[in-house]
Amino acid sequence: MRILFFGRGVISTQYAWAFEKAGHTVEFYVRKGRKETFGSNIELEMWDARRGKQLIKEIWNVKLHEELSPNYDLIIVSVNTEQLPEAAQLLSTVAGTTPVLLFNNVWQDLKSSISPLSMNNVVFGFPGAGGGIADNRLRGGFLKMLFLEKPRAGTEHINNKVKELFESAHFKISWVKDMQNWLWNHFAMNAAMETEVLRRGSFPALMNHSDSFANVGKNMREIVPVLKARGAKMDMISLLLTKIPPALLGALFNKVIFAKGGLPRLFIEYNNSKAGFAVLEVVREAKKSGIPLPRLTAAFKNIELHKAIEKSIS
């Protein structure tokens with residue numbers, strides 16, 4: 001299969017590497033000027049958990065393009081959430097009928113999030129991977145499991161193609177019946193975590209404070225009315241974050257879910273991305289419904305963009 005990844009970010013790069021090792025042809029689309037900046041290879045230091053836990057360390061050669069064409073079997077999009085509208089617009093003009101896997105966090109309703117692309121040409125999923133890239137060095141990893149929406153009417157052929165691709169590379173798919181609701185809950189969880197990241201200064205710093213995840217739980221409780229206002233149903237993770245007492249939740253996350261040496265913890269420790277967009281989007285939504293979010297809005301007071309963000313949501 002010939003696959004184009006939209007962007008050469010940490011998620012795209014790791015899955016592209018796995019697919020190439022499985023015998024597929026993988027290429028990347030990057031913005032103008034990035035091809036020279038990125039160069040023809042990237043240094044990998046990542047954990048592969050499909051068969052046990054294996055550390056991959058190599059210099060991997062990649063093929064980058066600054067122009068898009070429809071000559072692919074599948075296009076996979078994994079970009080920062082704020083970049084999704086621009087990506088969808090560009091793909092609608094040049095991708096033709098090439099099917100698209102949107103491997104992304106989404107806060108809008110699914111149809112408007114990909115407009116002007118057709119829902120019949122897109123399937124939604126979510127990766128089981130993380131990490132960060134700095135100085136052309138990727139540090140991160142990926143799990144065996146990933147998430148994919150169950151076929152909608154008209155997307156069965158795309159789902160089958162995506163299923164065959166991931167299974168050929170020995171990944172396991174967890175099928176999601178209501179992807180819209182799943183993504184709303186996941187985005188809210190990200191906002192709860194990013195609120196604490198803004199307070200601490202970085203994703204790695206989150207792991208250095210024993211009460212970080214107790215605060216994440218408090219943040220999530222504050223977001224619940226926003227989820228309910230848009231008609232979302234609480235999923236298992238959201239219920240976990242909101243029903244368990246904060247102190248117990250902190251212990252559970254620190255000692256079990258993000259235990260030292262585990263890949264989920266490494267994903268956060270390697271994450272060097274900029275936090276705040278998920279928080280901003282949830283605060284914007286809350287203001288429309290008149291829902292107060294004191295913990296989330298207070299988190300912005302410690303960052304330089306506080307005034308600009310306040311202005312944008314006023």
Side-chain angles (χ1 to χ4, degrees), residues 1-51 53-84 86-88 90-91 94-96 98-105 123 125-144 146 161-162 164-171 263 266-267 269-274:
M1 196 178 294
R2 189 176 183 214
I3 308 154
L4 179 71
F5 283 84
F6 195 100
R8 200 218 62 175
V10 63
I11 301 299
S12 295
T13 302
Q14 293 186 89
Y15 283 101
W17 175 87
F19 293 152
E20 184 177 272
K21 296 298 181 183
H24 302 281
T25 298
V26 297
E27 300 172 3
F28 297 87
Y29 164 77
V30 295
R31 286 177 288 174
K32 290 190 182 298
R34 290 296 181 92
K35 184 175 180 179
E36 182 178 354
T37 302
F38 288 156
S40 60
N41 57 56
I42 182 170
E43 181 182 355
L44 303 178
E45 184 180 324
M46 62 188 189
W47 292 94
D48 178 355
R50 288 172 295 173
R51 297 167 174 166
K53 185 179 173 184
Q54 180 182 6
L55 179 61
I56 307 299
K57 298 184 73 172
E58 66 174 78
I59 305 297
W60 184 45
N61 293 325
V62 296
K63 189 171 185 179
L64 309 178
H65 301 285
E66 293 182 348
E67 300 291 339
L68 277 169
S69 75
N71 302 319
Y72 295 91
D73 298 303
L74 180 69
I75 297 174
I76 299 179
V77 178
S78 179
V79 297
N80 294 331
T81 309
E82 59 269 31
Q83 298 172 322
L84 186 54
E86 181 183 354
L90 181 56
L91 286 170
V94 296
T98 306
V100 175
L101 168 62
L102 191 70
F103 225 29
N104 229 83
N105 225 354
V123 296
F126 201 85
I133 299 177
D135 300 323
N136 207 41
R137 180 192 182 199
L138 185 154
R139 300 179 73 204
F142 52 86
L143 306 172
K144 185 180 181 69
L146 60 107
K161 181 174 286 189
V162 173
E164 291 172 6
L165 171 64
F166 280 101
E167 289 183 347
S168 74
H170 307 290
F171 288 101
L263 290 188
L266 291 177
F267 293 169
E269 291 178 340
Y270 293 155
N271 189 340
N272 58 359
S273 64
K274 185 178 180 180

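Residue indices begin at 1 and follow the sequence shown.
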How about [X] and [Y]: do any of their side-chain heavy atoms sit closer than 4.5 Å?
X	Y	result
L74	P99	yes
K63	E20	no
V30	V62	no

Can you give me the closest heavy-atom contact between [X] and [Y], atom names plus distance?
X	Y	answer
I133	V10	CD1-N, 3.7 Å
F6	A87	CE2-CB, 3.5 Å
G125	L101	N-CD1, 4.0 Å
A169	A18	CB-O, 4.1 Å
P70	G96	CB-N, 4.4 Å
D73	K161	O-NZ, 3.3 Å

N136 vs N41, side-chain contact (heavy atoms from CB on, under 4.5 Å): CA-CA, chis, key distance, verdict: CA-CA 8 Å; N136 207 41; N41 57 56; 4.1 Å; yes
Which residues share a ring pair (Phe, Tyr, Trp, His ring centres under 6.0 Å) with [X], sequence neighbours left out:
X	answer
F103	Y15, F166
F126	W182, H186
F28	F5

To the nearest 0.5 Å, what is the distance between [atom1] on [X] and [atom2] on [Y]?
X	Y	atom1	atom2	answer
L84	N104	CG	CG	5.0 Å
E86	R31	CD	CZ	7.0 Å
L91	L4	CG	CG	8.0 Å

Once side-chain hydrogen bond (donor to acceptor under 3.5 Å, both in side chains) is applied, do any residues pair with [X], and if so which ones, sequence neighbours excluded?
X	answer
E269	R265
T98	none
E45	R137
K32	E67

Would a distance-only check, ignoring hydrogens and angles, find a side-chain to backbone donor-acceptor pair under 3.5 Å from [X] to [Y]?
X	Y	value
Q83	N80	yes
K53	W47	no
N271	S273	yes

For [X], give me all partners under side chain to side chain contact (heavy atoms under 4.5 Å, CB included), at least two apart in sequence or on another chain.
X	result
A88	L117
E167	K163
K21	W17, E58

In terms of the angle between their ring planes, are F142 and F171 parallel, tilted or perpendicular, with boundaries placed at 30° and 60°?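 Aromatic pair F142/F171 classed tilted.
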Would you sort out whether M46 and L138 count as a side-chain contact (heavy atoms from CB on, under 4.5 Å), showing the intermediate values? CA-CA 7 Å; M46 62 188 189; L138 185 154; 4.0 Å; yes
I would like to know whether L165 and I76 meet side-chain contact (heavy atoms from CB on, under 4.5 Å); could you show each step before the answer? CA-CA 12 Å; L165 171 64; I76 299 179; 4.2 Å; yes
Salt bridge (Lys or Arg N to Asp or Glu O under 4.0 Å) partners for R2, two or more places apart: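 Listed in chain order: E27.
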Return the set of residues passing salt bridge (Lys or Arg N to Asp or Glu O under 4.0 Å) with R50 (not counting sequence neighbours), or none when no residue passes.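 Per chain and number, R50 pairs via salt bridge (Lys or Arg N to Asp or Glu O under 4.0 Å) with D48.
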Determine, stepwise, if the pair R8 / R34 fulfils side-chain contact (heavy atoms from CB on, under 4.5 Å). CA-CA 9 Å; R8 200 218 62 175; R34 290 296 181 92; over 6 Å; no
